[in-house]
Amino acid sequence: MDYYSNARQRTIFSTVPNANFIRVIIDRAIHRELDYLVPETLAERIGIGSRVRVPFRDKSALATVVAVLEHSDAQGIRPIEAVVGDGPILSEQLLELARWMSAYYCCPVETVMRSLLPQVIRRAEVGWKKQLFVQPTRKIDNDELEKLRRRAPRQAELLAAINELEAPMLAAELLRKTSLDNQTLRALVKRGFAELREGAVPRDPHGDEQFILTGNLELNAEQALALKEVMEALEAPENARPILLHGVTGSGKTEVYLQGIRSALERGRSAIVLVPEISLTPQTVERFKGRFAEAQDVVAVLHSHLSEGERHDEWHKIHSGHARIVIGARSAVFAPLKNLGLIIVDEEHETTYKQEEAPRYHARDVAVVRAKIEKCVVVLGTATPSLESYHNAVAGKYKLTTLTQRVDEQQMPFMRIVDLRQERRKGKAAAILSEKLRAAISNRLEKREQTILFLNRRGFSTSLLCSECGEARNCPNCSVALTFHRHMARLSCHLCGHTAAVPKKCPACGKDALIYSGFGTEKVESTVSQIFPTAVVRRMDADSMTRKEAYRETLRNFRAGKIDILVGTQMIAKGLHFPNVTLVGIINADLALHMPDFRAGERTFQLLTQVAGRAGRGETLGEVFVQTYTPFSPSIQFARHHDFAGYFQQELEFRERCDFPPFKHAVLLTVRSAHEARAKFSAETLARRLKETVGAEFILGEPTPAPLEKLQGQFRFHILIRGEAIVRLSRLVRETLDKLPFPEDVAVAVDVDPYQLL
């Protein structure tokens, strides 16, 4: 399939042949744009969004064209060396989005450009996969075929197959189908009966799968109203507000997405669907490829588990216009679709949409801004809206649409709270599974129903302690204990990746008194397998899902009923639809509840509601067991009653009293260094300068050690600033940092609208 032709055509419309100069952003953090001369021989191939190779200092550098100029006042302008690729690869709308991100998220535009363009596209080092195609040189009549069959029957058999081809076919595929060899094919080519030509073959990550065409499902009244809102917005997207689709788990939000996208395609527009976890991508891809199976290449996928070759081909499939629907995780918000009509952010509340390294953008917020720039519709879907999005809806900035009922009149699962304090009072050490949860799992196994057990902590044991001196085996680089992983028989740090052998004796006191404490998903899997030896138990976390196909295989087997109990972390907590799951067990609901973070309660409420939503999506009523030491926490009690409105009102009052989002924006500055004293001094100096700069309109916190004081060998200090005028605050912070020289071993990170305060 040729994805080049459209790119060549677009180049003609994007260029300004009379221009002599261009302005570029180099792929290096130099914090400024540079002008270059365009030789006449290259002028017709240059346009805004083109990639070029330019001389920079004494080397060559890759750059992106952001403006085409008729003259330049810069001194000592040098000519560009080459144009990379066949035409512009970034639209003017995406370049405008990059500039907005640079200003809002307080980072160099060069850093943003690295997010807009995948590395495989930026460097242009990976090309198309080329293979040989075979086709007949002319139609062969039966007489010629019979004559050949008498002399060379194998050649005649292959020639008969080639003669029936309506289009060129992969030579390897034809030989596989006919069970003949390459020597036979070469003989036909030599005789002039067939010809071979080289062509590009797309590396499709889902090319080996068959998708069955599905039709629209009948919508209930609430779904029909939600779809009507989307379609009305598509009619006049320039005036449309973002739509917050607040639907309880199992209410059929995906069907609204599918029919909304169909409507966008019918209008000649394209669509992006963002999902928060890579683990959700296989199921989402299956549903979308099935619904739009009439056009093989209409759906493209972008996520980090693609190989470089697959990423190259999927990106070009999108850029060329062959793909009109893009499904992917966070970075898919930058997909280079033309005529974008609809962006859907599924599970919009998820923290995984926030990038934790520069540029520290939030994909949901970027989607809203891109929709405004491209004059398209954005739908934010979730069962548990973020307080920011719900507050925007209440304030009238977003359009609120609600789905209060599950499809097919399914009931919301019944939630039971298990007080682990009572379990301890029975005189035994707290078990991983309470008696009630154990009995419920046994009951489901007898009925041939499936169970999901959720624990958002990996590993076998969370710490290794000495029972004599109390010393824990901590990571030398981070302020956390090392986690024991039994499958590799080593201690591991989940923050920096440091690993260590398990000592036979305590390194501190030399006593043979080491004990394992705490537990993670690996131990839960082991314990459940021992309690229920006849059950098929599988684990789904970052440790067990290392192979590329592991996600898809595990979910496929679970859907087929080959797995009875699925143990996992947050990757199984949302979006998955398995009608035979009637029981969900939340092993410890307190893990995120007591974090030193103002969003801890909100995250716990969302997680409990989302995990609970995996149960009872079929004909049988679902049941959820929540094991906790704090059963009367508002987050747990409101989740128990599926009462989002009640939780929202209470949490909003707390946020307003404390000047936290959504009432104030926040900027978190992290000063870090391998030397604690230097990090502290630099943070104090920065805080003093900021106090002089930002003024009284912003709330400036004192520099304090981060809750996670040491990370990857660096000591960390936090400065938190809050205020309403976030773009002004970002500019003031950037100006302050630019004027303040820091020691070489001190780094400062700026996080606008932070989602992690650790």
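Positions are given from 1 along the sequence. Side-chain atoms are counted along with the backbone in the values below, which use heavy atoms only and exclude waters and symmetry mates.
Side chain to side chain, E356 and Q756 fail the donor-acceptor criterion of an N or O pair below 3.5 Å. T137 and E195 share no side-chain donor-acceptor pair at under 3.5 Å.
Counting non-hydrogen atoms of neighbouring residues, nucleotides and ligands closer than 6.0 angstrom, the CG atom of D73 reaches no more than 12 such neighbours. Atom CD of E744 sits in a sparse spot, with 12 or fewer heavy atoms from other residues, nucleotides or ligands closer than 6.0 Å. For E198, the CD atom counts as densely surrounded, since its 6.0 Å shell holds more than 12 non-hydrogen atoms of other residues, nucleotides or ligands.
Under the 3.5 Å distance criterion, the side-chain polar atoms of R267 are matched with a main-chain donor or acceptor of S263. At distances below 3.5 Å, not a single donor-acceptor pair connects side-chain atoms of R53 with backbone N or O atoms of A82. Judged purely by atom type and a 3.5 angstrom limit, N339 uses its side chain to pair as donor or acceptor with the backbone of G268. Side chain of E310 to backbone of S307: a donor-acceptor contact under 3.5 angstrom is found. Side chain of R45 to backbone of G85: a donor-acceptor contact under 3.5 angstrom is found. With E348 contributing its side chain and S386 its backbone, the two residues share a donor-acceptor pair below 3.5 Å. Side-chain N or O atoms of S673 include one that pairs as donor or acceptor with a backbone N or O of D745 at under 3.5 Å. With hydrogens and angles ignored, the 3.5 Å screen pairs no side-chain donor or acceptor of R716 with any backbone N or O of L711. With hydrogens and angles disregarded, no donor-acceptor distance shorter than 3.5 Å links the side chain of S682 to the backbone of A679. A distance-only check finds a donor-acceptor pair linking the side chain of R262 to the backbone of R291 [under 3.5 Å].
The CD1 atom of I721 lies 8.5 Å from the CZ atom of F698; values are rounded to the nearest 0.5 Å. Annotation: the span from Y105 atom OH to R734 atom CZ amounts to 15.0 Å, rounded to 0.5 Å. Between E110 atom CD and S102 atom OG the span is 7.5 Å, to the nearest 0.5 Å. Rounded to the nearest 0.5 Å, atoms CD (E357) and SG (C107) are 12.0 Å apart. If you take CD on E347 and OG1 on T382, they are separated by 5.5 Å, rounding to the nearest 0.5 Å. Put simply, CD on E81 and CG on L62 are 9.5 Å apart, with the number rounded to the nearest 0.5 Å.
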Quick one, I80 with L37, criterion side-chain contact (heavy atoms from CB on, under 4.5 Å). Give me CA distance, side-chain angles, the key distance, then yes/no. CA-CA 6 Å; I80 67 170; L37 178 70; over 6 Å; no
In sequence, state the C-alpha distance, the side-chain angles, and the governing distance for D751 and K354, and then conclude on salt bridge (Lys or Arg N to Asp or Glu O under 4.0 Å). CA-CA 10 Å; D751 192 357; K354 174 72 173 176; 2.9 Å; yes
Check step by step if side-chain contact (heavy atoms from CB on, under 4.5 Å) holds for F21 and D35. CA-CA 7 Å; F21 303 94; D35 290 357; 5.5 Å; no
Any chance you could lay out the side-chain contact (heavy atoms from CB on, under 4.5 Å) test for I77 and S72, step after step, and finish with the verdict? CA-CA 9 Å; I77 293 182; S72 172; 3.3 Å; yes
Would I89 and L117 count as a side-chain contact (heavy atoms from CB on, under 4.5 Å) here? Give the steps. CA-CA 9 Å; I89 63 174; L117 287 173; 3.7 Å; yes
Walk me through it: do E735 and R731 pass the test salt bridge (Lys or Arg N to Asp or Glu O under 4.0 Å)? CA-CA 6 Å; E735 289 173 357; R731 180 173 54 80; 3.2 Å; yes
Run the numbers on K317 and D313 for salt bridge (Lys or Arg N to Asp or Glu O under 4.0 Å), then give the verdict. CA-CA 6 Å; K317 189 164 74 173; D313 291 4; over 6 Å; no
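Closest non-hydrogen pair, A363 versus R330, comes out as CB-CG, 3.7 Å. Closest of all the heavy-atom pairs between P276 and D346 is CD-O, 3.7 Å. For the pair A63 and V54, the tightest heavy-atom approach, listed with the atom from each and the gap, is CB-CG2, 4.3 Å.
Inter-residue side-chain proximity for V109 and H31 is flagged as unmet; no heavy-atom pair is nearer than 4.5 Å. With a 4.5 Å cut-off on side-chain heavy atoms, I261 and I344 count as touching. When side chains are defined from C-beta on, T670 does not count as touching F717, because their heavy atoms never get closer than 4.5 Å. Residues L69 and N20 form no side-chain contact, since every pair of their non-hydrogen atoms from C-beta on lies 4.5 Å or further apart. Using a 4.5 Å heavy-atom cutoff, the side chains of Q135 and R197 are in contact. L265 places a side-chain heavy atom less than 4.5 Å from the side chain of F292. When side chains are defined from C-beta on, I48 does not count as touching L90, because their heavy atoms never get closer than 4.5 Å. With a 4.5 Å cut-off on side-chain heavy atoms, V65 and R23 do not count as touching.
For T736, the side chain to side chain contact (heavy atoms under 4.5 Å, CB included) partners are L686, R689, L690, T693, not counting sequence neighbours. For D27, the salt bridge (charged side-chain N to carboxylate O under 4.0 Å, His left out) test picks out R51, with sequence neighbours left out.
For an aromatic pair to be called close, the ring centres must be under 6.0 Å apart, and H362 with Y755 satisfies this. Ring pair F334/Y361: centre-to-centre distance below 6.0 Å.
H319 and W315 have parallel rings, their planes meeting at less than 30° on a 0 to 90° scale where 60° marks the start of perpendicular.
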